[in-house]
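Side chains included, hydrogens not; waters and symmetry mates left out as well; all remaining heavy atoms used. Naming: A, B, ... by sequence-line order, numbering from 1 per chain.
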2 protein chains.
Amino acid sequence: MSLREKKVEKKKEEIRESAMSVIAEKGYHATTMEDIAAKLLMTKGSVYYYFKDKESLVYESHKILLEQSMEQLQNVLAEELSSVAKLRKAMIVHMEYVITERTDFLLGAKPDQVFEGAHLQEILHLRNQYSDCMNQLIQQGIQDGSFVQVDIKIVNYIILGAMNNAVIWYSPKGSKSIQELANSIADYLLKILL
Amino acid sequence: MSLREKKVEKKKEEIRESAMSVIAEKGYHATTMEDIAAKLLMTKGSVYYYFKDKESLVYESHKILLEQSMEQLQNVLAEELSSVAKLRKAMIVHMEYVITERTDFLLGAKPDQVFEGAHLQEILHLRNQYSDCMNQLIQQGIQDGSFVQVDIKIVNYIILGAMNNAVIWYSPKGSKSIQELANSIADYLLKILL
DNA sequence: TTAAAATTTGACTTGACATTCAAAGTCTGA
DNA sequence: TCAGACTTTGAATGTCAAGTCAAATTTTAA
């Protein structure tokens, strides 16, 4: 990658970050391209130099976040751990990522209110992939006898719902650190499976 | 209440219902006053005859939903049931209400992206009231020894998060009825406390 | 140094709503 | 039936933000 390409990529990265941050704050529809630009001390015109339109910018940003968390999850999957420890770690990693990246996992729960067509398909695909991985973790635990028999789909939704909800109410001002909080929640949720 | 007042109230009720239904579908910012009116075969001008503006319409609608679910919860609180049965029932009633009314409890998790000032305060107040009631249910169960010791706040958030999340993925096409689903989820969540 | 390429700017266009309102239509009670 | 009150309409207005673009500025590389 040439120097110039690196610079462009860096700029795009900054813009994506700004976009996600403002959107986490104000919501997708309420954030303007000017908000996103202003945060970086640029004008909205510059943003359009790097991104075709608002939807593309948000799509790319969101896609990267999903891919990164997917990668994290895959890493946990690959580790040499007991079923319990693995699921536990997956949950903690998930929460830490979601909270620190302020993604809300994101735009709330309804990608179809933001994306359309191929973009929407891709986002849904990535989400499903993630969900499937979590399913697998639970499945494994049940098969090796670590977890009790449950309706995997429902329990998975419970776990994801509870974890993602944490992003909404977590406040850095609280007495618990993100790590402590993630640990607590993971332990409580594991009780469903033990 | 006079006949006319009744008619007006009925009309307002219809409009509120239409508003909630369209918003559940498309999200707050994406639904226009025309969408809401069109669903009732009126023009948007008429809607303004009944409601000052969009925010007020949505505020009133949302407030009523919150009040109704609060009332339901109070009724459960007042019943003669064991702690376990009571919390279980509260959860089931909650999910059934949220799913059938399609409220998402709603507008997603962030009322501050929709309401302002006094309206926002009132909505937050109602939500807190609801959350406090759930807390109470857990508290009672712990005190009478039915539940194990837990961090009530966190477990409460887990429960509410898991339940509200169900609204998003529940589909009437699935193999489970709302009742079955609510029952399953309630049972799984209770395991955290037993 | 300098000319071409890459970036940035900010004014401009456009379209989509929210909201208003005067006029038209409908109902109600005397 | 009729006057006045109540409703509805749809066109008009205002605002706001997305997206465009030619000109200005900065960077790059020969």
Quiz item: How many Å lie between NZ on Lys52(A) and C1' on dA18(D), as a whole number?
Solution: 12 Å
Practice problem: Send over the distance from Phe51(A) CZ to dT7(C) C1', rounded to a whole Å. | Solution: 15 Å
Self-check item: Nucleotide dA18(D), atom C1' - distance to CG of Asp53(A) in whole Å
Solution: 9 Å
What side-chain donor-acceptor pairs closer than 3.5 Å can you find for residues 73-82 of chain B, not counting sequence neighbours?
| residue | atom | partner | partner atom | Å |
| --- | --- | --- | --- | --- |
| Glu79(B) | OE1 | Lys89(B) | NZ | 3.2 |
| Glu79(B) | OE2 | Lys89(B) | NZ | 3.2 |
| Ser82(B) | OG | Ala85(B) | N | 3.1 |

Quiz item: Going by atom types only, do Ser184(A) and Asp187(A) share a side-chain donor-acceptor pair under 3.5 Å?
Solution: no
Self-check item: Atom-pair distance (NZ on Lys10(A); P on dA6(C)), nearest Å
Solution: 20 Å
Quiz prompt | Under 4.0 Å protein heavy-atom contacts per nucleotide of nucleotides 4-17 of chain D, with B for base, S for backbone only and - for none | solution = --SBBBB------S
Quiz prompt | Residues forming a salt bridge (Lys or Arg N to Asp or Glu O under 4.0 Å) with Lys176(B), sequence neighbours excluded | solution = Asp151(A)
Quiz prompt | Residue pairs, two or more places apart or on separate chains, that pass ring-ring contact (aromatic ring centres under 6.0 Å, His included) and touch residues 162-194 of chain A | solution = Trp169(A)-Tyr157(B)
Exercise. Identify, with sequence neighbours excluded, every residue that meets side chain to side chain contact (heavy atoms under 4.5 Å, CB included) alongside Glu60(A).
Key: Lys12(A), Arg16(A), Phe51(A)
Practice problem: Just jot down the side chain to side chain contact (heavy atoms under 4.5 Å, CB included) partners of Ser175(B), sequence neighbours excluded, or say none. | Solution: none
